[in-house]
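All remarks here apply to the structure that follows.
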2 protein chains.
Amino acid sequence: MLERIHLEILTAIKEHGTLTKAADSLHLSQSALSHSIKKLEGQIDTPIWEKDGRNLRLTAAGERIQAFAARVLPQFLHTELLLGQIARGEAGSLRIGMECHPCYQWLLRVIQPYLEQWPGIDIDVKQEFQFGGIGALLSYEIDVLITPDPLFKPKIEYIPVFDYEHRLVVSNTHALAAQDCVLPEQLSEEVLFSYPVEEQRLDIFSQFLSPAKCSVKQHKIIETTEIMLQMVAVGRGVCALPGWLVDEYAKSMPIKSLRFGEQGIRKQIFVGIRKDERQVDHLNEFIEQAKKIT
Amino acid sequence: MLERIHLEILTAIKEHGTLTKAADSLHLSQSALSHSIKKLEGQIDTPIWEKDGRNLRLTAAGERIQAFAARVLPQFLHTELLLGQIARGEAGSLRIGMECHPCYQWLLRVIQPYLEQWPGIDIDVKQEFQFGGIGALLSYEIDVLITPDPLFKPKIEYIPVFDYEHRLVVSNTHALAAQDCVLPEQLSEEVLFSYPVEEQRLDIFSQFLSPAKCSVKQHKIIETTEIMLQMVAVGRGVCALPGWLVDEYAKSMPIKSLRFGEQGIRKQIFVGIRKDERQVDHLNEFIEQAKKIT
DNA sequence: TTGCTTAATGAATATGGTTCATCACTTAAG
DNA sequence: CTTAAGTGATGAACCATATTCATTAAGCAA
């Protein structure tokens, strides 16, 4: 079988000219190399080189192996380099799972400095999970989970990274815009826009409308934040989003946000990781970075 | 040092699932594989897999090696095959990949004289690729790729070998048969037959119907040219094929071809080869032969 | 020639790959 | 809960073989 050592020998010969020097460069004896190739020649049933006076002259087979070695050996070196980086925690991949639609904007702000700090690490963001975010985390589909629902599991640890208030968004010209907070019954004639998520997972339903046995006139699904806010801005309906996100958009759009009820809905975002990876450097650094961004 | 055996082990695990089965497939003991990897882990100073219940779960390093193996091992096999051919005094083999269904007829005309000229060379034609034709070329699954889409890659070189016009085929008795060319809207009530390829890769859609925001009444899939043309001949629908191919069949079938729109759809067929094999004699000769046949 | 160089070869050696037997653990079935 | 079957890890013993050593044969330059 063609082994790495054969490739090494052929390249060393190309580089140093003679078998003896090649042997020195590989910290082996000339005899070792000779035997090594002899054995391979027996296996492939064709000579690899011939003695031409004092020098070696490669046969067609030898040329082929040499060309192959030139192409493949650098890849071995590259892979080994990469493995070294992984060993030192400098490389790897971070697969982020998101269970929080509006957090995407926030995540982008976390990722940006992180990528600069860890140039060797590839980031991948996934948003759809067959068995839920926690399932994805436990089945090693993702490495960190960003979620507002820290569902307890023995093998998972959650770290709170930031909290915010969930607020109702209305157009500046909307009847409610004058108020400071909104009551459940005041939404009964409104059109509500939301991301495509089951109603029971939307806080506006589970924590505000449903407890008061209220609902909205209509519930429409929109995938992207921008479109959703544009619809709200022109008075086509209302939506519920994190306060900080609304503040951001309110700079350039005629929109305003209201507290939900007297208390407001306070939310916390958690980063979930597998407990046995609590020590991994580039994971910890991600969490630290996440805590910094507000 | 990363050795071939490690690559073999990782691929065997990917293929067979467990270490024990992987060991069987390599004709080694489970223990041998375990020790082998243990040693490598010591060298690269990072674990390659972890026991997760009854199964193995690869670490980042393990994934890396597995990916590397998938890329490199086929090249080892290819080189060994080549060495075997050299040993037997054969020039080699030519594995042709086809990404152009109707070109098959043309290819047969290229191959025929080529086989006479190079009696030692075996030809194999493949038409299905897991990672696309270019992937097959880069992974040494094939040696030349015949394609209408010369997708640029630094390690691949494309040589145009012939061009032709893509034409609409209809029965002689079809209403359109009197015309010289066809307009997009004239197809809206037609049944279209095509090879099993995604619509966006069919020129009749991407270059003719879609730009005009038109479509056909129905799109049916047929695998073979002969059946497709027979269906067209009896007036069951239309299809799109190279002009020269239609001319061939038109001798014995009641069919006729029309230009697409005023301009027609002009196509070019390329032969792609790996750049580092630009010098290989029997590859060059194939390209020369391909250029000759029209 | 002679001396220096090259690679090949056979035997001895030493490395290290492989197996065997066993353990620890998980999972599924009884 | 207990049992049985299946998983990979581990350490010692073994054995294959890669490597070295010593030598030979041959090319090349004085």
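Everything numeric in this text was worked out from a predicted model, so none of it was measured. Protein chains get the first letters and strands the later ones, always in sequence-line order, with residue 1 at the start of each.
If you measure from atom CE of A/Met1 to atom P of C/dG17, you get 14 Å, rounded to the nearest angstrom. What separates CD1 of B/Ile37 from C1' of C/dG17 is a distance of 13 Å, to the nearest Å.
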- Note on the structure: In 5'-to-3' order, the base (B), backbone-only (S) or no-contact (-) status of each nucleotide in nucleotides 3-14 of chain C, using a 4.0 angstrom heavy-atom cut-off, is --SBBBBBB---
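Take A/Pro102 and apply the side chain to side chain contact (heavy atoms under 4.5 Å, CB included) test, not counting sequence neighbours, and it matches A/Cys100, A/Tyr195, A/Leu241, A/Pro242, A/Leu245. Residues passing the side-chain hydrogen bond (donor to acceptor under 3.5 Å, both in side chains) test with A/Gln66, sequence neighbours excluded: none. Under the side-chain hydrogen bond (donor to acceptor under 3.5 Å, both in side chains) criterion, B/Glu80 pairs with B/Arg4, sequence neighbours left out. Applying the side chain to side chain contact (heavy atoms under 4.5 Å, CB included) criterion to B/Ala12, with sequence neighbours excluded, gives B/His16, B/Ala22, B/Ser25, B/Leu26. Residues meeting the side chain to side chain contact (heavy atoms under 4.5 Å, CB included) test with A/Lys153, sequence neighbours left out: A/Ile134, A/Leu138, A/Ile156.
Both A/Leu28 and B/Glu50 lie close to DNA chain D; mapped to their nearest nucleotides by heavy-atom distance, the more 5′-ward contact belongs to B/Glu50.
The span of DNA chain D lying next to chain B, judged by atoms under 4.0 Å from heavy atoms, is bounded 5' to 3' by D/dA5 to D/dA12.
In this structure, the helix from C/dT1-D/dA30 to C/dG30-D/dC1 shows an angle of 30° between the axis at its start and the axis at its end, each fitted on 5 base pairs and rounded to 10°.
The disulfide bond (SG atoms under 2.5 Å apart) pairs that include a residue from residues 1-95 of chain A number zero, where partners must be two or more places apart or lie in different chains. Among pairs with a residue in residues 194-204 of chain A, those fulfilling salt bridge (charged side-chain N to carboxylate O under 4.0 Å, His left out) read A/Asp203-A/Lys267, at least two apart in sequence or across chains. Sorted by first then second residue, the salt bridge (charged side-chain N to carboxylate O under 4.0 Å, His left out) pairs that include residues 10-25 of chain B, not counting sequence neighbours, number zero. Within the structure, the salt bridge (charged side-chain N to carboxylate O under 4.0 Å, His left out) test picks out the following pairs touching residues 91-116 of chain A (sequence neighbours left out): A/Arg95-A/Asp143.
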- Task: Go through B/Lys275 and B/Glu157 one step at a time and tell me if the salt bridge (charged side-chain N to carboxylate O under 4.0 Å, His left out) criterion holds.
- Result: CA-CA 6 Å; B/Lys275 269 203 183 134; B/Glu157 182 170 344; 5.9 Å; no
